[in-house]
Trainee: 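This is the structure I want to talk about, given as structure tokens.
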Amino acid sequence: MVTPVSPTVAMAGSLDFEAHSRYLEEQQGYFKSNGRTKDFSAHSSKVHSVAWSCDGRRLASGSFDKTVTVFLLDRDRLSRENNFRGHGDSVDQLCWHPSNPDLLVTASGDKTIRIWDARAAKCAATVNTKGENINICWSPDGQTIAVGNKEDLVTFIDARSHRSKAEEQFKFEVNEISWNNDNDLFFLTNGHGCINILSYPELKQLQTLSAHSANCICIKFDPTGKYFATGSVDALVSLWDVAELVCVRTFSRLDWPVRTLSFSHDGQMLASASEDLLIDIAMVETGEKICEVQCDTPTFTVAWHPSKPLLAFACDDKDKYDRDRDAGTVKLFGLPSSES
């Protein structure tokens, strides 16, 4: 027996379908006219991480060459503003303060994190940690920085005093870490394909979600707070409802482990990348493909601009004149297809 659907619900579903179809067509049309990618020289070695400041004026990149480069965005161009030196090892991940567009933090294998002031063009603080750092995130309220190291220790650092507030040692491989948008839960992806959820600030284990059949690598929350997505070695992207903690959709167009994810500013597009020679850009609500960005080499970091349909990313590029050398380029997709 088919359960009858009320006219109101049916009409709402129809309106949703029409809105999604219209958005899909609009975005597909937009990227047909704005599908160009441009390279910008950033480092002398492989770029590990890219991220936009909260106001979208700056893009930062961290590299194996131990440096941080900050670009200024001017329309469709990136111009180098600063190159920060000071780390003694690879800069593996970085993120900006959620509301201060001048501050960013970097995690390095040199057993430190560094907070940089882009406006003053200097290092504002260096914090010693217990191990080689590989992942980092800033809490949505801006008060705390969480950093994870190769020994699966996650340390919570007060962003003002630069002192450790708490630390958690895990007995499994910890990959990417993130707060939820409400700042009251802390998520981490692990080597068993699971998502661990802790209360915050109590750091009590609340739930473990079995998300993937293999190592769960990355996690991202959408700006609207409705969903989060995870990427895995099983080559799948899973989309989760934040309120219900249930998987509502999977994206399966990639063939290699999903290394990096990013939601667009309106929460309606999801970019995912891997060792596939493309970045998949999908409709969040339907899973349909909007477009794909062609790449020559594997991609390990992607980041949508906080207010524009511009995607920054970095690949394992080689120097065009010397294939044994890394190119260290940052790329920008979403530019007008015909250069003016």
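Position 1 is the first residue of the sequence, and the numbers go up from there. Heavy-atom basis, side chains included; hydrogens, waters and symmetry copies ignored.
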Trainee: If you draw the axis of the six-membered ring of F300, does the NZ or CZ of K46 fall within 45° of it and under 6.0 Å from the ring centre?
Mentor: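 Judged by the rule (NZ or CZ under 6.0 Å from the ring centre, within 45° of its axis), K46 counts as positioned above F300.
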Trainee: Can you tell me how far the CG atom of L236 sits from the CZ atom of R249, to the nearest 0.5 Å?
Mentor: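 Between atom CG of L236 and atom CZ of R249 there are 14.0 Å.
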Trainee: Report the C-alpha separation of D317 and K331 in whole Å, then their side-chain angles, then the decisive distance to 0.1 Å, and conclude whether the salt bridge (charged side-chain N to carboxylate O under 4.0 Å, His left out) test is met.
Mentor: CA-CA 11 Å; D317 287 346; K331 300 167 183 290; 2.9 Å; yes
Trainee: Apply side chain to side chain contact (heavy atoms under 4.5 Å, CB included) to residues F170 and E168 and explain how you reach the verdict.
Mentor: CA-CA 6 Å; F170 295 93; E168 285 289 316; 3.6 Å; yes
Trainee: Provide the closest heavy-atom pair for I279 versus C295 in the form atom of the first, atom of the second, distance.
Mentor: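 Closest approach of I279 to C295: CG1-SG, 3.8 Å.
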Trainee: Please determine whether the number of non-hydrogen atoms from other residues, nucleotides or ligands lying under 6.0 Å from atom NZ of K308 exceeds 12.
Mentor: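 At most 12 heavy atoms, drawn from other residues, nucleotides or ligands, come within 6.0 Å of this atom.
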Trainee: Should N196 and F186 count as side-chain neighbours, where that means a heavy-atom distance under 4.5 Å?
Mentor: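 The answer is no; the side chains never approach within 4.5 Å.
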Trainee: Just so I know, are the side chains of C194 and F172 near enough to count as touching, which here means a heavy-atom distance under 4.5 Å?
Mentor: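 No, their side chains stay 4.5 Å or more apart.
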Trainee: Strictly under 6.0 Å, is that where the ring centroids of F333 and F31 end up?
Mentor: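 Judged by ring-centre distance (under 6.0 Å), F333 and F31 do meet the cut-off.
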Trainee: With a 4.0 Å cut-off on N to O distance, would you call K122 and D117 a salt bridge?
Mentor: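 Result for this pair is no, no salt bridge flagged.
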Trainee: Rounded to the nearest 0.5 Å, what separates atom OG in S79 from atom CZ in R77?
Mentor: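 Those atoms lie 8.0 Å apart.
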Trainee: Find the distance between CD (E25) and CD1 (I290) and round it off to the nearest 0.5 Å.
Mentor: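 Answer rounded to 0.5 Å: 12.0 Å.
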Trainee: Taking a hydrophobic cluster as the set of Ile, Leu, Val, Met, Phe, Trp and Tyr residues connected by side-chain heavy atoms closer than 4.5 Å, whether directly or through intermediates, do V237 and W256 fall within one such cluster?
Mentor: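 In one cluster: no.
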Trainee: Does H192 form a side chain to side chain contact (heavy atoms under 4.5 Å, CB included) with E173? I'd like the steps, not just the answer.
Mentor: CA-CA 8 Å; H192 303 306; E173 178 184 322; over 6 Å; no
Trainee: Could K130 and E151 be called an ion pair, given the rule that one side-chain N must be under 4.0 Å from one carboxylate O?
Mentor: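 Looking at K130 and E151, the cut-off is not met.
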Trainee: For atom CZ of R80, is the number of surrounding heavy atoms from other residues, nucleotides or ligands below 6.0 Å larger than 12?
Mentor: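 Yes, the 6.0 Å shell around CZ holds more than 12 heavy atoms from other groups.
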Trainee: In terms of side-chain geometry, is the basic nitrogen of E132 or K111 positioned less than 4.0 Å from the acidic oxygen of its partner?
Mentor: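 No, no charged N to carboxylate O under 4.0 Å.
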Trainee: Looking at every non-hydrogen atom in both residues, tell me the closest pair between S44 and D65 and how far apart they are.
Mentor: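 Shortest heavy-atom separation between S44 and D65 comes out as N-OD2, 3.0 Å.
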Trainee: Quick one: closest heavy-atom pair of R75 and L310, and the distance?
Mentor: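 Of all heavy-atom pairs spanning R75 and L310, the closest is O-CD1, 4.4 Å.
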Trainee: Between R253 and E288, is there a salt bridge with N-O shorter than 4.0 Å?
Mentor: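 No, no charged N to carboxylate O under 4.0 Å.
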Trainee: Is the shortest side-chain heavy-atom distance between Q28 and K289 below 4.5 Å?
Mentor: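 No, too far: nothing below the 4.5 Å cut-off.
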Trainee: With a 4.5 Å cut-off on side-chain heavy atoms, are W116 and V105 touching?
Mentor: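 No. Closest side-chain heavy atoms not under 4.5 Å.
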Trainee: Quick one: do F17 and Y23 end up in the same hydrophobic cluster if we chain Ile, Leu, Val, Met, Phe, Trp and Tyr together by side-chain heavy atoms under 4.5 Å apart?
Mentor: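 In one cluster with F17: Y23, no.
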Trainee: Evaluate Y200 against T144 for side chain to side chain donor-acceptor pair (under 3.5 Å), listing each step before the verdict.
Mentor: CA-CA 11 Å; Y200 188 80; T144 311; 3.2 Å; yes
Trainee: Measure the CG-CG distance between N135 and N149 for me, rounded to the nearest 0.5 Å.
Mentor: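 Those atoms lie 8.5 Å apart.
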Trainee: With a 3.5 Å distance limit and no angle check, can you tell me whether T260 reaches the backbone of A273 through a side-chain donor-acceptor pair?
Mentor: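 Judged by distance alone, no pair lies under 3.5 Å.
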Trainee: Quick one: closest heavy-atom pair of Q143 and D141, and the distance?
Mentor: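 Of all heavy-atom pairs spanning Q143 and D141, the closest is N-OD1, 2.9 Å.
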Trainee: Nearest heavy-atom pair of A51 and W96: which atoms, and what distance?
Mentor: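 Smallest heavy-atom distance, with atoms named: O-NE1, 2.9 Å.
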Trainee: Compute whether any side-chain donor of one residue and acceptor of the other, for T230 and H212, lie under 3.5 angstrom apart.
Mentor: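 Yes, H212 and T230 have a side-chain donor paired with an acceptor closer than 3.5 Å.
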Trainee: State whether a side-chain donor-acceptor pair under 3.5 Å links T106 with H87.
Mentor: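 Short answer, yes.
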Trainee: Do I195 and W240 have side-chain heavy atoms sitting under 4.5 Å apart?
Mentor: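 I195 reaches W240 side chain to side chain.
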Trainee: As a quick check of understanding, evaluate side chain to side chain contact (heavy atoms under 4.5 Å, CB included) for L245 and I197, giving each step before the final call.
Mentor: CA-CA 10 Å; L245 293 178; I197 307 172; 3.8 Å; yes
Trainee: Do the non-hydrogen side-chain atoms of I113 and I145 ever get within less than 4.5 Å of each other?
Mentor: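 Yes; the side chains approach each other to less than 4.5 Å.
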Trainee: Give the intermediate values and the outcome of side chain to side chain donor-acceptor pair (under 3.5 Å) for residues T69 and N83.
Mentor: CA-CA 4 Å; T69 296; N83 186 250; 2.7 Å; yes
Trainee: Will you find, in the side chains of E292 and Q294, an N or O donor that is under 3.5 Å from an N or O acceptor?
Mentor: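 Distance-only check passes for E292 and Q294.
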Trainee: Is I134 reachable from I217 through a run of I, L, V, M, F, W or Y residues, each pair having side-chain heavy atoms under 4.5 Å apart?
Mentor: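 No, separate clusters.
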Trainee: When you compare the side chain of R58 with that of E81, does any pair of heavy atoms fall below 4.5 Å?
Mentor: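 The answer is yes; the side chains approach within 4.5 Å.
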Trainee: In sequence, state the C-alpha distance, the side-chain angles, and the governing distance for F221 and F187, and then conclude on ring-ring contact (aromatic ring centres under 6.0 Å, His included).
Mentor: CA-CA 10 Å; F221 282 79; F187 288 64; 4.9 Å; yes
Trainee: Mind checking whether S63 and H48 have side chains closer than 4.5 Å, heavy atoms only?
Mentor: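 No, side chains not in contact.
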Trainee: Assess the residue pair Y227 and E285 against the criterion (side chain to side chain donor-acceptor pair (under 3.5 Å)); give the C-alpha distance rounded to whole Å, side-chain angles, the decisive distance to 0.1 Å, and a yes or no.
Mentor: CA-CA 10 Å; Y227 298 119; E285 290 291 353; 3.0 Å; yes
Trainee: Starting from F228, can I reach V248 by hopping between I/L/V/M/F/W/Y residues whose side chains sit under 4.5 Å apart?
Mentor: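 Different clusters: V248 never reaches F228 through Ile, Leu, Val, Met, Phe, Trp or Tyr contacts under 4.5 Å.
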Trainee: Is the F263 to W304 ring centre distance short of 6.0 Å?
Mentor: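 No, the ring centres sit 6.0 Å or more apart.
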Trainee: Same cluster for L59 and V47 if Ile/Leu/Val/Met/Phe/Trp/Tyr side chains link at under 4.5 Å?
Mentor: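 Same cluster: L59 reaches V47 through Ile, Leu, Val, Met, Phe, Trp or Tyr contacts under 4.5 Å.
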Trainee: Indicate the atoms forming the closest heavy-atom contact of S232 with A214, along with that distance.
Mentor: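 That would be OG-O, 3.2 Å.
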Trainee: Do the charged groups of K66 and D110 touch, with an N to O distance under 4.0 Å?
Mentor: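 So K66 does not pair with D110 through a salt bridge.
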